[in-house]
Amino acid sequence: MNGGWRLSMLGIGLGVFGAVILGMSGYLMFGPQAETFREQGQLYAMDSLEIHPPRGQVYDRWGSLLAGNITVYEIGVNLYEVQDADAIARAVNGVLGADYYTIHRRASIAPAPDAVYVTLANYVAADKAQILIDYVNAQRDPATADPGAPSLAGLVFKEHLMRYYPETNLASNVLGFVNREGVGYFGIEQYYQELLAGESQIVPVPVDPNLAGDLPDVPPGASLILTIDREIQAMVEDVLDQGVEFYGAKAGTVVIMDPQTGEILAMASTPRLDLNEYWNYQEVYPGATPFNRAVSKSYEPGSVFKIFTVAAALDSGTVTPAFSYIDTGIFQIGGINIRNWNGGAWGQQDLQGCLQHSLNVCMAKLGELMTPALFYDYLNRFGFGRSTGIDLAGETTGLFRDQNSDGWYLSDLGTNTFGQSISVTVAQMLMATSAIASDGQMVVPHLVRAMVDGGRQYNFYTQYAGQPISPETADTLSAMLAISLESEASNALVPGYRIAGKTGTAEIPQPGGGYNRYSTHASFIGWGPVDDPQFLVYVWLEEPSSSIWGSETAAPLFARIVERLVVLMNLPPDAVRAGLAGP
Amino acid sequence: MANGIALIQAYRQAPWRKQLQGIGAFATVVLSVALVAAGYLSVTAAAARAGRAVQAAQGRILRLEQSNENLRTQLGILTSARVMQQRAEDLGFVPAEKSQLVYIQVAGYGGRPTAALAPTPQTAFNPALGLPREYTLSLFEWVQDTITLLAIQTGAERIGQP
């Protein structure tokens, strides 16, 4: 009985304690600060995970990888776990070559709630990171740990993906590059940025494992299959580089297109960048150097443009192939005198002679016969002065003025007919010429053949850009151009294959006005086989020093390319092809 | 009244019996609560383990996806044009010249096919077309089919009767 009051007191004490706990719980749950506590609790209940979907791959037409993703590492330190900042700085300096003092300073930061993790290096190649990972793992493993060895405790390795180009600088003008923020610059990477990048998502992840659920499916970026043929591209770049050096040109551009579909098989221009070291961009492309001259630089094409003047004259019925005139070597239009490339008079000439001898006087005469309205209507139909719609970033449209434009003079009609006072891009020239090469049908040049998204491949098909001339005109002009090359024993001829084409030598306009006669753009555009064109090749050399003439620089370079192209395309000589086709 | 007197009488004769009953009832409640708590803890712990496993698996999926990307690119590096060209040269191959080629016609050969990395929407597997009807049949449709089949069979038998 004596101990009864003690037990009672204990019971009362425990009861009061329990009541206080219950009371506090109730206060926390339903009191005035309950909402604040709940919000604070929510803050720590969820973590966030940023999921970056892998950027889509880029392949050539046969499935060879041109752009992919590679694993790299971010290396940092958990400041709470660092035991030996000196050892970490020495190791990172030794393996990565990073500055010792910077690393040491970062690894020595006193840990605090707002200073837990510090990045030491990012985008570290996997092989280098692996050296450090192996060392840290060896230290952690009791079997291999050396108690006397300097401690790298606290080092943290986070792997992530980085854009990588297995072919380094192959097709770099076409591909463009991606910076470390995942933004595409130039070429395909910029043009198809949204498709390739996919959509990053920030996903809330509950800290409470009971609430763990499926992460949302973040689809990777779409992959692209290009029209580019890697082997042809490599060959073209190789031959172009040799040509630029051999002819002493300041720069060069070569594009090969299928004139029936608009598929670009190869597109190369100088200079080219190792895309895995895109930070050298300013060094490789100083000043205003265009990344891809085929689409981003326009120029006065010169005589290659004559094919459109003749096409317009023939198609409009202004002249027929039987057209003839007396070439006196001079033709006055709009107050200026048009002269031939050699200043000479060529006497009696027909349309074939006009093309074969590349006579400026003849072209100006055709322009006058057509009238400005008709001539410029045809140039519009051929797509000059407009973007072609090629799927590459940075396309320019060139300078094109017609009779309704400000600053146009009648003299411009004369000079425009042989490719002066008008500037074009290689892409425009290819699109327009496809009409002549391929029965009057003009095709849009393009670089993407198919897109792979969500496990499905969506193939892109040929886009037609109109029919500026009739099939008859196209065939007639193709035949005339083929005869021109054969009659001149042109350097562009490739034995066994009938080729149609035209050279161009354009003087370069000077900033103060006038032209520099000794500094030219040398061009050649050609296609073949004439009866069933499989390739359309454009060659452009800027300011060749060995010769100013397109016939002596761009034309032989065209022939060298086509000789190797027909092998890579498995294209038999015309005679063999006729034999295989049977009776 | 008689019951109350009997209870008081019983308590006076053996007070421990009533105390034991009270303790027993309390212990039963405590034990029940403990059992429920233990069951709850066990289930919660299992769920937490499964949750952690899910989180770990999700992390592994992300790492494997990265690894796939990495391996695909490594393969691209190993088969890049420059590497393949070097390998061919090391094996003694030289580029074929135009004059060295012999062309033959192969019946039915349509040329080298371009890359097909995934099925097109037209050729992709369509479950509605690819699965047998038995797999997509509802119970109602099965009954309907069975009745129709029976009716056809019965009709056929009648027609077949002499």
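Chain letters run A, B, ... following the sequence lines, proteins first and then strands; every chain starts at 1.
- There is a side-chain donor-acceptor pair under 3.5 Å between A/Thr168 and B/Arg82.
- Residues B/Leu117 and A/Ile225 form a side-chain contact, since some pair of their non-hydrogen atoms from C-beta on lies under 4.5 Å apart.
- Atom CG of B/Leu64 sits in a crowded spot, with more than 12 heavy atoms from other residues, nucleotides or ligands closer than 6.0 Å.
- No other option in B/Gln58, B/Gln100, B/Arg49 has as many heavy-atom pairs under 4.5 Å with chain A as B/Gln58.
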Verdict with reasoning, B/Ile77 to A/Tyr164, per side-chain contact (heavy atoms from CB on, under 4.5 Å): CA-CA 9 Å; B/Ile77 294 168; A/Tyr164 193 83; 3.4 Å; yes

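- Using modelled atom types, one side-chain atom of A/Glu167 and one backbone atom of B/Ala81 make a donor-acceptor pair closer than 3.5 Å.
- Using a 4.5 Å cut-off between heavy atoms, B/Pro95 does not touch chain A at all.
- Interatomic distance, OG of A/Ser64 versus CE of B/Met84, reported as 8.5 Å (0.5 Å rounding).
- No other option in B/Gln55, B/Gln85, B/Glu97 has as many heavy-atom pairs under 4.5 Å with chain A as B/Gln55.
- At most 12 heavy atoms of other shown residues, nucleotides or ligands fall within 6.0 angstrom of atom CD in A/Glu199.
- Interface residue B/Arg112: backbone and side-chain heavy atoms are both found under 4.5 Å from chain A.
- Contact annotation: the side chain of A/Gln457 never approaches that of B/Pro119 to less than 4.5 Å [non-hydrogen atoms, C-beta and beyond].
- Neither the backbone nor the side chain of B/Leu71 comes within less than 4.5 Å of any heavy atom in chain A.
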Stepwise side-chain contact (heavy atoms from CB on, under 4.5 Å) test for A/Val566 and B/Leu101: CA-CA 11 Å; A/Val566 293; B/Leu101 298 182; over 6 Å; no

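- When each of A/Glu231, A/Arg230, A/Arg61 is checked for heavy-atom pairs under 4.5 Å with chain B, A/Arg230 comes out on top.
- Of all heavy-atom pairs spanning A/Asn69 and B/Glu69, the tightest one is ND2-OE1, 2.8 Å.
- The NE2 atom of A/His160 sits 14.5 Å away from the CG atom of B/Leu62 when rounded to the nearest 0.5 Å.
- Proximity to chain B is limited to the side chain of A/Val576, based on heavy atoms less than 4.5 angstrom apart.
- Once rounded to the nearest 0.5 Å, the distance linking CZ of B/Arg72 with CD of A/Gln57 reads 4.5 Å.
- Smallest separation of non-hydrogen atoms from B/Ala118 and A/Gly455: CB-O, 3.6 Å.
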B/Gln74/A/Ile70 under side-chain contact (heavy atoms from CB on, under 4.5 Å): CA gap, chis, key distance, verdict: CA-CA 8 Å; B/Gln74 295 293 346; A/Ile70 201 164; 3.6 Å; yes

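- Closest heavy-atom contact between B/Tyr103 and A/Pro573: CE1-CD, 3.7 Å.
- With no hydrogens or angles considered, a side-chain donor-acceptor pair links B/Thr114 and A/Arg449 at under 3.5 Å.
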From CA spacing to verdict: side-chain contact (heavy atoms from CB on, under 4.5 Å), B/Lys98, A/Tyr497: CA-CA 11 Å; B/Lys98 190 160 63 76; A/Tyr497 298 84; 3.7 Å; yes

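- If you measure heavy-atom distances from A/Leu226 to chain B, you find no contacts under 4.5 Å at all.
- Atom CH2 of B/Trp142 has 12 or fewer heavy atoms from other residues, nucleotides or ligands within 6.0 Å.
- When each of A/Thr71, A/Leu66, A/Leu65 is scored by its heavy-atom pairs under 4.5 Å with chain B, the top score falls to A/Thr71.
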